[in-house]
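Notes for the one structure printed next.
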Amino acid sequence: MRLVVVSAGLSVPSSTRLLADRLAAVAAPAASAPEPGPADVRVIELRDLAVEIAHTFTNGFPGRALSEAFDTVSGADGLIVVTPVFSGSYSGLFKSFFDALSVTDPDALAGKPVLIAATGGTARHSLVLDHALRPLFSYLRAVVVPTGVYAASEDWGAEGLEGRIKRAGRELAALMAGVSGTRPGPRRDSFEEVTPFEERLAALRPAG
C-alpha cells in the first residue's frame, strides 16, 4: 500500500508540512490494517521542484526529478495534498504542479483517493477546501475524501483539530483499502477465446 504526501509549504519548518505529517501518521497505519506495518509513505516537497515545475511550462516536458515525482503520484494508492492559502486560494506552486501533472498524464488521478488539506493565518480562509481544492480534484477525476482539514494559526494545540485529522485520515485509509481491493487484474487478450466460425453459423440456423 503506497501513500503519497504532496506538501506545498515554502518555509522550513512549515505548518503545511506539519499538517501533512500528522495526517499521514493517522492514514498510513489505518490503510494497511490488519497488516502489522503501516503503508509505505512517500513525501513530495514542491518547494524542491519549483524550478523544474516552471521549466515544464516553457520546455514542454518535465525534468528528471519532476518526472519521478509524477510517477510517484501516479503509482500511489492514495494521496494527501496540503497547500498554504494565498489570496483565498491554493498556492500557485501547488496548482502548477497538478496542472503540469495533468498535461503529462491526464489520467494520473482518475479514481485515486485524495485527502485535501490547507493551512492559513486565519479561520476565515477555511472555505478554500470546498471552494478551491475540492473542485480542482473533482475536475481531475480523483475521489476526494469527505472530510477536508484546514488548520489556522490558532488551531494548533486547540481542541478540534486533532479530531478532524483522525477522521480525515481514517476516511482516506478506508477509501485506499477499497480501491486496492478492487484493483483490476491483468487484461485478458480478447482473441484468447475465439468461437469457431462453424459454431457461429450453427447458432444462426433455425431450430428443427
Side-chain angles (χ1 to χ4, degrees), residues 1-50 53 65-66 68-85 90-91 93-95 97-98 101 108-109 111-120 126 128-129 132-134 136-137 140 142-153 155-181 183:
M1 192 75 72
R2 290 160 293 182
L3 174 62
V4 174
V5 178
V6 178
S7 171
L10 298 179
S11 59
V12 180
S14 73
S15 59
T16 300
R17 176 61 188 271
L18 175 60
L19 180 57
D21 288 343
R22 289 181 64 175
L23 289 165
V26 174
S32 63
E35 298 297 325
D40 178 31
V41 179
R42 308 286 178 88
V43 179
I44 297 173
E45 284 280 6
L46 298 188
R47 178 187 63 249
D48 300 332
L49 299 170
I53 291 172
L66 185 58
E68 291 176 357
F70 287 167
D71 290 342
T72 299
V73 169
S74 298
D77 293 296
L79 289 178
I80 294 173
V81 298
V82 192
T83 178
V85 175
Y90 35 63
S91 71
L93 179 62
F94 181 88
K95 179 63 159 56
F97 174 80
F98 287 103
L101 173 63
L109 299 184
K112 197 179 299 295
V114 175
L115 193 168
I116 56 174
T119 58
S126 61
V128 68
L129 295 174
L133 285 165
R134 197 173 297 276
L136 170 63
F137 288 96
L140 296 173
V143 179
V144 184
V145 171
T147 300
V149 180
Y150 178 81
S153 298
D155 289 329
W156 298 102
E159 184 179 356
L161 178 59
E162 188 64 27
R164 296 196 301 274
I165 288 173
K166 289 181 178 179
R167 183 168 66 247
R170 289 166 183 164
E171 288 175 357
L172 175 63
L175 286 172
M176 288 174 63
V179 170
S180 178
R183 192 174 282 172

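Each residue takes its place number in the sequence, starting with 1. These numbers come from a predicted model, not from an experiment.
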Heavy-atom distance under 4.5 Å between the side chains of L115 and F137, does that happen here?
-> no

Check A168 against V145 and note the closest heavy-atom contact, atom names and distance.
-> O-CG1, 3.9 Å

Excluding sequence neighbours, so at least two apart, what forms side chain to side chain contact (heavy atoms under 4.5 Å, CB included) with V26?
-> I165, K166, R170

Look at the side chain of D21 and the backbone N and O of L18, then say whether any donor-acceptor pair between them is shorter than 3.5 Å.
-> no

What distance separates L172 CG from L23 CG, expressed to the nearest 0.5 Å?
-> 9.0 Å

For side-chain contact (heavy atoms from CB on, under 4.5 Å), just list the numbers for V73 and L109, CA-CA rounded to whole Å, side-chain angles, deciding distance to a tenth of an Å, and then say yes or no.
-> CA-CA 8 Å; V73 169; L109 299 184; 3.7 Å; yes

If you take all heavy atoms of V128 and V85, which pair is closest and at what distance?
-> CG1-CG2, 3.8 Å

Calculate, to the nearest 0.5 Å, the distance between atoms CE and NZ belonging to M176 and K112 respectively.
-> 9.5 Å

Shortest non-hydrogen pair, L129 vs G148, comes out as CD1-C, 3.7 Å

Any residue meeting side-chain hydrogen bond (donor to acceptor under 3.5 Å, both in side chains) with D40, in chain and number order, not counting sequence neighbours = R42

Output for pair (L66 CG, D48 CG), nearest 0.5 Å, gives 12.0 Å

Distance from L101 atom CG to S74 atom OG, nearest 0.5 Å?
-> 5.5 Å

Would you say I116 and T83 make side-chain contact, with heavy atoms under 4.5 Å?
-> no

Would you check if R22 and V149 make a side-chain contact, meaning some heavy-atom pair closer than 4.5 Å?
-> no

Check for a donor-acceptor pair, side chain of R17 on one end and backbone N or O of V82 on the other, with a separation under 3.5 Å.
-> no

Strictly by modelled atom types, are T16 and T119 linked by a side-chain donor-acceptor pair under 3.5 Å?
-> yes

Please check if the side chain of K95 supplies one atom and the backbone of Y90 the other of a donor-acceptor pair under 3.5 Å.
-> no

May I ask you to test the Y150-L133 pair for a side-chain heavy-atom distance under 4.5 Å?
-> no

May I ask you to decide if G75's main-chain N or O and R2's side chain share a donor-acceptor pair within less than 3.5 Å?
-> yes

Which heavy atom of A39 sits nearest a heavy atom of A31, and at what distance?
-> CB-CB, 4.4 Å

Shortest non-hydrogen contact between A28 and V41, atoms and distance = CB-CG2, 3.6 Å

Could you state the interatomic distance from CG (L49) to CD1 (I44), rounded to the nearest 0.5 Å?
-> 7.5 Å

Would you say the side chain of L10 lies within less than 4.5 Å of the side chain of L93, judging by non-hydrogen atoms?
-> yes

Exercise: identify the closest heavy-atom pair between A151 and L161 = CB-CD1, 4.1 Å

